[in-house]
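Count residues from 1 along the sequence.
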Amino acid sequence: MTSSTPIAESNAPKAIHTDDTGLIAGAITLPAPAGDLPGYRAHPASGGPFPLVLVIQEIFGVHEHIRDVVRRFAHRGYYALAPDLFLRQGDPSRLHTVDEFRALAGRVPDRQVLSDLDASVAFAGASGKADVRKAAAVGFCWGGRITWLYAAHNPSLKAAVAWYGRLTGDRTEAQPKHPIDVVSALQVPVLGLYAGQDQGIPLPTVTALQDALRAASETSSAPGAARSEIQVYPDVPHAFYADYRPSYRPQAAADAWQRQLDWLSRHGVA
């Protein structure tokens with residue numbers, strides 16, 4: 001697993017650190033159809049079973065910021081689990097540039113990722129500490145895109161939250177569909193958290209998704225579409241929640257985090 005936060009920047013803020021006091025937290029190995037997969041999980045040290053939150057990584061892998069997010073959820077009473085979804089195609093901890101990370105992400109097949117997330121739910125349920133009847137997926141950046149796909153794939157989820165995930169793009173053998181393509185199959189409600197100044201996710205694509213959600217809400221094949229919502233923060237950039245990067249915007253990040261917690265509670269993941 002990646003041991004540190006990637007792409008250090010001299011003008012980055014000091015990253016938030018969430019300790020593991022009162023938690024059971026650490027690296028795990030979970031069985032999956034394609035072979036064992038590493039990951040990181042945290043949950044309260046006593047009590048349970050706890051509602052499950054799958055934390056789906058950024059393009060940089062399961063680095064320290066993602067592990068910190070896992071601990072943040074655990075302190076709120078969740079069993080949080082972040083599977084390392086790139087390791088079959090390459091090790092993010094050995095990469096140094098954004099282009100290298102993008103190339104690695106492009107080699108990871110969506111079908112593999114969805115299967116590994118299914119395996120993650122099964123692992124959490126088998127632990128006896130996670131209540132998989134109250135499960136959600138939360139993803140950031142690369143993981144935000146995957147969150148939309150998983151919300152269309154797994155009807156057993158109660159809810160999902162996509163933080164600035166890409167909505168469309170080139171279609172490849174590894175990535176044959178994007179969120180805009182699966183809206184008509186959306187099974188669970190998704191809260192989309194987007195940035196008005198995101199240079200990689202233009203606002204017209206967010207508007208197009210909103211239009212697709214409205215159209216899909218009129219059909220019975222997409223029960224999650226009518227209950228999904230999009231929140232756009234007009235004055236912030238991509239990765240506004242990433243507190244280890246210059247893109248971090250504390251006010252928007254705090255508001256979006258609370259909206260996320262409220263969303264999970266509203267939909268029975270609490």
Exam field: side chain Gln57 to backbone Leu85, donor-acceptor pair closer than 3.5 Å:
yes
Work out which heavy atom in Pro31 is nearest to a heavy atom in Ala119; give both atom names and the distance.
O-CB, 3.5 Å
Quick one: does any side-chain atom of Ser247 pair with a main-chain N or O of Ala239 as donor and acceptor, under 3.5 Å?
yes
Is there a salt bridge (Lys or Arg N to Asp or Glu O under 4.0 Å) between Arg111 and Glu173 once you walk through the steps?
CA-CA 10 Å; Arg111 62 182 180 277; Glu173 182 178 354; 5.0 Å; no
Taking atom CG of Asp116 and atom CZ of Phe123, what is their separation to the nearest 0.5 Å?
13.0 Å
Could you tell me if the side chain of Pro237 sits less than 4.5 Å from the side chain of Gln199, heavy atoms only?
no
With no hydrogens and no angle check, is any side-chain donor or acceptor of Arg249 less than 3.5 Å from a backbone partner on Val236?
no
Supply the atom-to-atom distance Glu100 CD to Ile59 CD1, rounded to the nearest 0.5 angstrom.
11.5 Å
Quick one: does Ile180's side chain get under 4.5 Å of Thr205's, heavy atoms only?
no
Identify whether the distance between the nearest side-chain nitrogen and carboxylate oxygen of Asp262 and Arg259 falls below 4.0 Å.
no
Test side chain to side chain contact (heavy atoms under 4.5 Å, CB included) applied to His75 and Asp19, step by step:
CA-CA 9 Å; His75 277 297; Asp19 65 34; 3.7 Å; yes
For Gln197 and Pro234, indicate whether the former's side chain and the latter's backbone hold a donor-acceptor pair under 3.5 Å.
yes
Is it true that a side-chain atom of Ser228 and a backbone atom of Val190 form a donor plus acceptor pair closer than 3.5 Å?
yes
Inter-residue atom distance Leu95.CG - Phe86.CZ, 0.5 Å rounding
9.5 Å
Test item: Arg227 side-chain N/O and Ala225 main-chain N/O as donor-acceptor pair under 3.5 Å:
no
Please find the pair of heavy atoms, one from Ser120 and one from Leu81, that lie closest to each other, and give the distance.
O-CD2, 3.5 Å
Anything under 30° is parallel, anything over 60° is perpendicular, the rest tilted; go ahead and classify His65 against Phe140.
perpendicular
Grab the two heavy atoms, one from Val108 and one from Leu104, that are nearest each other, plus how far apart they are.
CG2-O, 3.4 Å
Enclosure of Gln251 CD (heavy-atom neighbours >12, cutoff 6.0 Å)
no
What's the separation between atom NZ in Lys177 and atom OG1 in Thr172, rounded to the nearest 0.5 Å?
13.5 Å
State yes or no: do Ile16 and Leu261 share one hydrophobic cluster built from I, L, V, M, F, W and Y residues joined by side-chain heavy-atom distances below 4.5 Å, directly or via other members?
no
Non-hydrogen side-chain atoms of Val55 and Tyr78 separated by less than 4.5 Å:
no
Distance col, row Trp142:CH2 vs Arg102:CZ, nearest 0.5 angstrom, shows 15.0 Å
Flag side-chain contact, heavy atom, 4.5 Å: Gln260 against Phe73:
yes
Quick check against the 3.5 Å criterion: does His43 have a side-chain atom that pairs as donor or acceptor with the backbone of Pro51?
no
Would you check if there is a donor-acceptor pair between the side chains of Tyr233 and Asp255 at a distance under 3.5 Å?
yes
Can you tell me if Arg145 and His178 form a side-chain donor-acceptor pair at under 3.5 Å?
yes
Give me the atom names and distance for the closest heavy-atom approach of Thr147 to Gly139.
OG1-N, 3.1 Å
Sidechain N-carboxylate O distance under 4.0 Å for Lys158, Asp131:
no
Test your reading of the model: is there a side-chain donor-acceptor pair from Tyr194 to the backbone of Gly165, 3.5 Å cut-off?
yes
Would you say Cys141 and Phe60 make side-chain contact, with heavy atoms under 4.5 Å?
no
Atom CZ of residue position Arg133 - does it have more than 12 heavy atoms of other residues, nucleotides or ligands inside 6.0 Å?
no
Close side-chain approach of Asp110 and Ile146, heavy atoms under 4.5 Å:
yes
As an exercise, state the distance from CG of Asp20 to CG of Asp68, rounded to the nearest 0.5 Å.
10.5 Å
Shared hydrophobic cluster for Tyr248 and Leu193 (ILVMFWY, side-chain gaps under 4.5 Å):
no
Applying a strict under-4.5 Å side-chain criterion to I, L, V, M, F, W and Y, I'd like to know whether Ile24 and Val69 cluster together.
no
Where does the angle between the aromatic ring planes of His63 and Tyr244 fall among parallel (under 30°), tilted (30 to 60°) and perpendicular (over 60°)?
perpendicular
When you look at Thr219 and Ser184, which way does the side chain to side chain contact (heavy atoms under 4.5 Å, CB included) test go after all the steps?
CA-CA 8 Å; Thr219 73; Ser184 61; 5.6 Å; no
Could you tell me if the side chain of His153 sits less than 4.5 Å from the side chain of Leu117, heavy atoms only?
no
Show your working on side chain to side chain contact (heavy atoms under 4.5 Å, CB included) between Arg71 and His17 and close with a plain yes or no.
CA-CA 9 Å; Arg71 295 192 295 272; His17 174 70; 3.8 Å; yes
Can you name the nearest heavy-atom pair linking Ser127 to Ala124, along with the distance?
OG-O, 2.5 Å
Provide the closest heavy-atom pair for Leu157 versus Ala137 in the form atom of the first, atom of the second, distance.
CD1-CB, 4.1 Å
How about Thr97 and Asp99: does a side-chain donor come under 3.5 Å of a side-chain acceptor?
no
What do the steps show when you test Val62 against Val70 for side chain to side chain contact (heavy atoms under 4.5 Å, CB included), and what is the final call?
CA-CA 10 Å; Val62 182; Val70 168; over 6 Å; no
Decide whether Tyr79 and Leu23 are clustered together by the hydrophobic rule: side chain heavy atoms of Ile, Leu, Val, Met, Phe, Trp, Tyr closer than 4.5 Å, transitively.
no
Is the number of heavy atoms from other residues, nucleotides or ligands within 6.0 Å of CZ (Arg88) greater than 12?
yes
Check whether any side-chain heavy atom of Arg41 sits under 4.5 Å from a side-chain heavy atom of Lys129, and report yes or no.
no
Would you say the rings of Tyr164 and Phe240 are close, in the sense that their centroids are separated by under 6.0 Å?
yes
